[in-house]
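Here is the structure we will look at, set down as structure tokens.
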Amino acid sequence: FPFPLPPAAGGTDMARKELAKAYEPWDVEEKWETHWEQNQTFTPNPDGPGEAYSIVIPPPNVTGVLHMGHALNLTLQDILCRFSRQQGKNVLWVPGTDHAGIATQNVVERQLKEEGLTRDDLGREKFIERVWEWKKEKGDHILSQIRRMGASVDWTRECFTFDDQRAKAVREVFVSLFEQGLIYKGDYIINWCNRCHTALADDEVEHEAKPGKLHHVKYPLADGSGHLIVATTRPETMLADSAIAVNPEDERFNKYIGKTAILPLVGRELPIIGDSYVDVEFGTGCLKVTPAHDMNDWEIGRRHNLEVISILDEKGFVNENAPEKYRGLSVTEARKLVLEDLDAEGLLGEIVDHDHSVGVCYRCKSTIEPHVSTQWFVSMKPLAEKARAAVPDKTQIFPEHWTKTYYQWLDEIRDWCISRQIWWGHRIPAWTCEACGELIVSKDDPTVCTKCGSSKLVQDEDVLDTWFSSALWPFSTMGWPDDTRELAKYYPTSCLVTGFDILFFWVARMMMMGLQFMEEIPFKHVYIHALVRDEQGKKMSKSTGNVIDPLDMIGKYGADALRFTLTSFAAMGRDIKLSEQRIEGYKHFMNKVWNATRFAMMNLPDEIPDADVHAASDLANRWILHRLEEVKASIASATDEYRFNEIAQTLYKFIWSEFCDWYLEMIKPALYGEDEQAKAATQRVLWTVLSETMILLHPVTPFITQEIWNVLPRPAGDERSEDIATLPYPEKRPDCLDDKAVAEMELFMGVVSGTRNIRTELLIEPAKKLDLLIRTVSDADKAVLEANLGLIQSLARIENVTIGPDVKGPKASGAAVVQGNELSVPLEGVVDFDAELARLDKNLGKLEKTMKGVAGKLKNPGFVNNAPAEVVEGEKRKLAEMEEEKTKLTQLKARLESVMG
RNA sequence: GGGCGCGUAGCUCAGCUGGGAGAGCAUCGGCCUUACAAGCCGAGGGUCACAGGUUCGAGCCCUGUCGCGCCCACCA
């Protein structure tokens, strides 16, 4: 071997911390997780120095368990926060959870059901107590899972959308909006879930395509002159009809406008009205109008001042507004009977199959029933205008194309129904005086009526939509409405990181509320990340059984590997198809990092030599320092621009393909050698590059980097913290940028790879001693190769190397040309020459193919005349180089052929 | 119906302002070389969905077609 072996383990050196042979993330991660929390490492001081950088966590449901979407979301936020700390910013990341009204109530109700109880058995107060108990016991599970991901949140500032401070904010906002006339109470048709017994906002309704039937029903005209046929998918709602509508443009029917028809089974007279909503093409062209049970009919009813007749109660049974024989029936039963009765009267026409989409509850998936009731609303138009105008000038959305979707939603916005008929949630701060009927909306619970002084006040039974409190999150978490240091320092927040599925539910509403109450946008940037899907691109869901559980993955591969995987996938604007295999792959990367460190630890003294990195004048050290500078710059800009996948890629390539594959191999002789000065300089560079790389990697994989930082030795006087999370981003070292080193390295790598290639492709066993002769083209190249002669020997596994302008290898040689330098590996007695000949032909073929392309380009006058001069020059140079290579290869081939007879 | 995204190697995906097609995994061959077999050294593999256009030059820009996916609004 051309260089000495490493010192035997044991020796006289004092015992040092021996690293495990393979990286075991489990203990390590738990250790640092606890360390950070106990030391309050991520608790910032609002009065402290540094430009503010803040993020509020999208609060997961208390009922939830961590899924891959959370894992991705947390990883990206954590990268931003940890990176920002490295940039010297004063970083606050607020954690918390959402009380998730309906979802949580459902969970507890289900639990009660197992005990044979309903919420009504307990009563409101006891029931809420019960939910709180559940929340305290089970609800914080999600928080420990956030910890497990390594999220650098400030646990001292944890919030809950239903805790006291947030309740204070909710009341303040409600009362203020009410006083400004932006909250009102009114009758309206809303989406009603018969199962959850509550109103749902439009966007809480999902649509599912379901097969249905279009029933044709005859409505006799009141004057006995005939009948109109309407088509309906919901015949039972005819009991609540209040008109028939036709399109006024429709020549067939517009003559009936103004007449009346008789509602079958009921006998009510229905006006026939003209409304352009009616589609002439669809069905029969006649539409029965049922304002109480259809959204569109409700609108038509409003336009024409029609009677609103509701025939269904809150549980979905026919009520007293329908003829007696139908009362008490369910929707399905009523439909059956209505159809039978119509048929009996000869009023039922044809029935055709008709697929249509049906609204279902986003929580329980039961069919939504449009239902008229008294609800609370927020007027959205005035709020929406401001929220729209703030983008993109004050708030920028990344990727940018989501801006359009955001606008679209705001432009079509309807008033927001905020009351929910459940118990778990912020109760609406409105009271009615039983004595005089006065409506009192107040921040504090009133004791007497403000109008008549009566103490008989009854609070509104309803609670607020969960998203109402979520909409205040960016400032409620910072203590609003109190005047806090947090608000002053950290509002508006720097970036909101979330999935697009809640762009409307949440992001747009936070914009509105922030602008309304803080008079300032809630976040400067919104980063919309992808949805995490399974390998086939399907949404992960329990029912499909394709869920990859992040906690399982952490258990198997460690949080760092999972985080790195998610980061490497997080390209802007694309969904993530996750597979376990990928996570396993990146676990290997973690192990690689670990082993590189092990190697360093075996070759670094307990105290890092106080050498200047510039003192290392050899190729490997100059090159790696140059590359480190480039990587620093590229990681910083990638992070600034939310190109997360690029952070991962850059680090992966640098650490594995450059630092490990080349640098570590190249410095072995110096580390094992006798030249103390060169050794010290190399040790210093090795330590510098490794430790700075750990800092660069830290935002993505916090645990392993912390562990490594902790075991790595230091130079004397290095007083930096043991805690890598608190270290600044590595400073630039511009004088280490060294293009010459890059060029030299390219030559060196070419020679080593070229030689390895000859050996491997000719199937020469690695142990076989080979020689290498290099005929150089310039003194500069000769100098570079001579300086690295030992490395060529060790890396290419070569016995003797001869370098010089006049060097000539034997005719029977394997050959390659690297930047004009001719490599010859004598093959006499080693291998049969046919194989080498074939190899040379293959390489020549490739070369000629490329040359043809470039030559063609240069022959094109259009290219030569129009392309920028430097591009043309570049092509010319390329072609010249390839021509030279071709000539030399051809000659070498001819020489080989000459000895083959 | 309106809007958006995506079709690049067998698979999953990069490819930022247009200038000689990349990675990981998988496959094939060779290696237990002393940090790492969770590893090392090499190899094969692509009409960048299709058709036009702009340009000296297109994976990238424009138009259209096909295919996949999503969101919004929904025809009773």
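By convention in this document, chain letters (A, B, ...) are assigned in the order of the sequence lines, proteins followed by strands, and residues within each chain are numbered from 1.
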Selection from A76(B), C4(B), C72(B) that lies nearest to any side-chain heavy atom of His401(A): C4(B)
Separation of U33(B) C1' from Phe599(A) CZ (nearest whole Å): 13 Å
Lys842(A) atom NZ, over 12 foreign heavy atoms within 6.0 Å: yes
Side chain of Phe569(A) - closest among A76(B), C74(B), U12(B): U12(B)
C1'-based separation of G24(B) from U65(B) [nearest Å]: 34 Å
Contact letters for nucleotides 20-29 of chain B, in which S counts primed atoms plus P, OP1 and OP2 and B counts the base, heavy atoms under 4.0 Å: B---SS---B
Per Asn645(A) side chain, nearest of listed nucleotides G15(B), G19(B), G42(B): G15(B)
Length of the CD1-P vector between Ile704(A) and A38(B), whole Å: 16 Å
First of Asp294(A) and Asn866(A) reached from the 5' end of RNA chain B, by closest nucleotide: Asn866(A)
Sugar-phosphate, base or nothing in reach of Pro861(A), heavy atoms under 4.0 Å: nothing
From CA spacing to verdict: side chain to side chain contact (heavy atoms under 4.5 Å, CB included), Leu858(A), Val872(A): CA-CA 8 Å; Leu858(A) 285 167; Val872(A) 178; 4.2 Å; yes
Full working for side chain to side chain donor-acceptor pair (under 3.5 Å) between Lys288(A) and Thr237(A): CA-CA 9 Å; Lys288(A) 72 183 200 61; Thr237(A) 63; 2.8 Å; yes
Sugar-phosphate, base or nothing in reach of Asn591(A), heavy atoms under 4.0 Å: base
Side chain of Arg414(A) (C-beta onward), nearest among A76(B), C72(B), A73(B): A73(B)
Selected nucleotide, minimal atom distance to Pro766(A) side chain, candidates G42(B), C31(B), G3(B): C31(B)
Distance in angstrom units between Leu791(A) CG and U33(B) C1', rounded: 15 Å
Proximity to the side chain of Phe282(A) - top-ranked nucleotide from A76(B), A35(B), C70(B): A76(B)
For atom OH of Tyr277(A) and atom P of A73(B), their distance in whole Å: 14 Å
Contiguous Watson-Crick or G-U pair runs (3 or more, under 3.5 Å) in RNA chain B: B:1-7 with B:66-72, B:10-13 with B:22-25, B:27-31 with B:39-43, B:49-53 with B:61-65
Salt bridge flag under 4.0 Å for residues Lys878(A) and Glu881(A): no
Any donor-acceptor pair under 3.5 Å from Trp594(A) side chain to Ile704(A) backbone: no
Spacing of the C1' atoms in G46(B) and C13(B) (rounded, Å): 14 Å
Ring geometry between Tyr652(A) and Phe564(A) (parallel below 30°, tilted from 30 to 60°, perpendicular above 60°): tilted
Separation of atom CD1 in Ile764(A) from atom P in G42(B), rounded to whole Å: 14 Å
Side-chain touch Val246(A)/Arg252(A), heavy atoms, less than 4.5 angstrom: no
Side chain of Ala231(A) (C-beta onward), nearest among A76(B), A35(B), A38(B): A76(B)
Protein-nucleotide distance (Ile368(A), atom CD1; A73(B), atom P), rounded to Å: 14 Å
Out of C41(B), A76(B), U33(B), whichever nucleotide has its closest atom nearest the side chain of Asp661(A): C41(B)
Listed nucleotide nearest any side-chain atom of Arg598(A), set A35(B), C41(B), A76(B): A35(B)
Pair of N/O donor and acceptor under 3.5 Å linking A35(B) base with Glu665(A) side chain: yes
Test item: Glu799(A) side-chain N/O and Leu770(A) main-chain N/O as donor-acceptor pair under 3.5 Å: no
Phe504(A): which of Trp416(A), Trp409(A), Tyr407(A) passes ring-ring contact (aromatic ring centres under 6.0 Å, His included): Trp409(A)
Parallel, tilted or perpendicular, as decided by the 30° and 60° cut-offs, for the rings of Tyr663(A) and Phe659(A): parallel
Rounded distance in Å between the P positions of U8(B) and U47(B): 12 Å
Sugar-phosphate only, base, or nothing, as touched by Asp279(A) at under 4.0 Å among non-hydrogen atoms: base
Sugar-phosphate only, base, or nothing, as touched by Glu584(A) at under 4.0 Å among non-hydrogen atoms: nothing
Close side-chain approach of Glu665(A) to Ser794(A), heavy-atom, < 4.5 Å: no
Nearest-angstrom distance, C1' atom, G29(B) to G69(B): 40 Å
Interatomic distance, Asn595(A) CG vs A37(B) P [rounded to whole Å]: 7 Å
Touch class at under 4.0 angstrom, heavy-atom based, for Lys846(A) against every strand present: sugar-phosphate
Touch class at under 4.0 angstrom, heavy-atom based, for Lys21(A) against every strand present: sugar-phosphate
Cation-pi, Phe863(A) ring and Lys857(A) (6.0 angstrom, 45 degrees): yes
Length of the CG-P vector between Asn603(A) and U34(B), whole Å: 14 Å
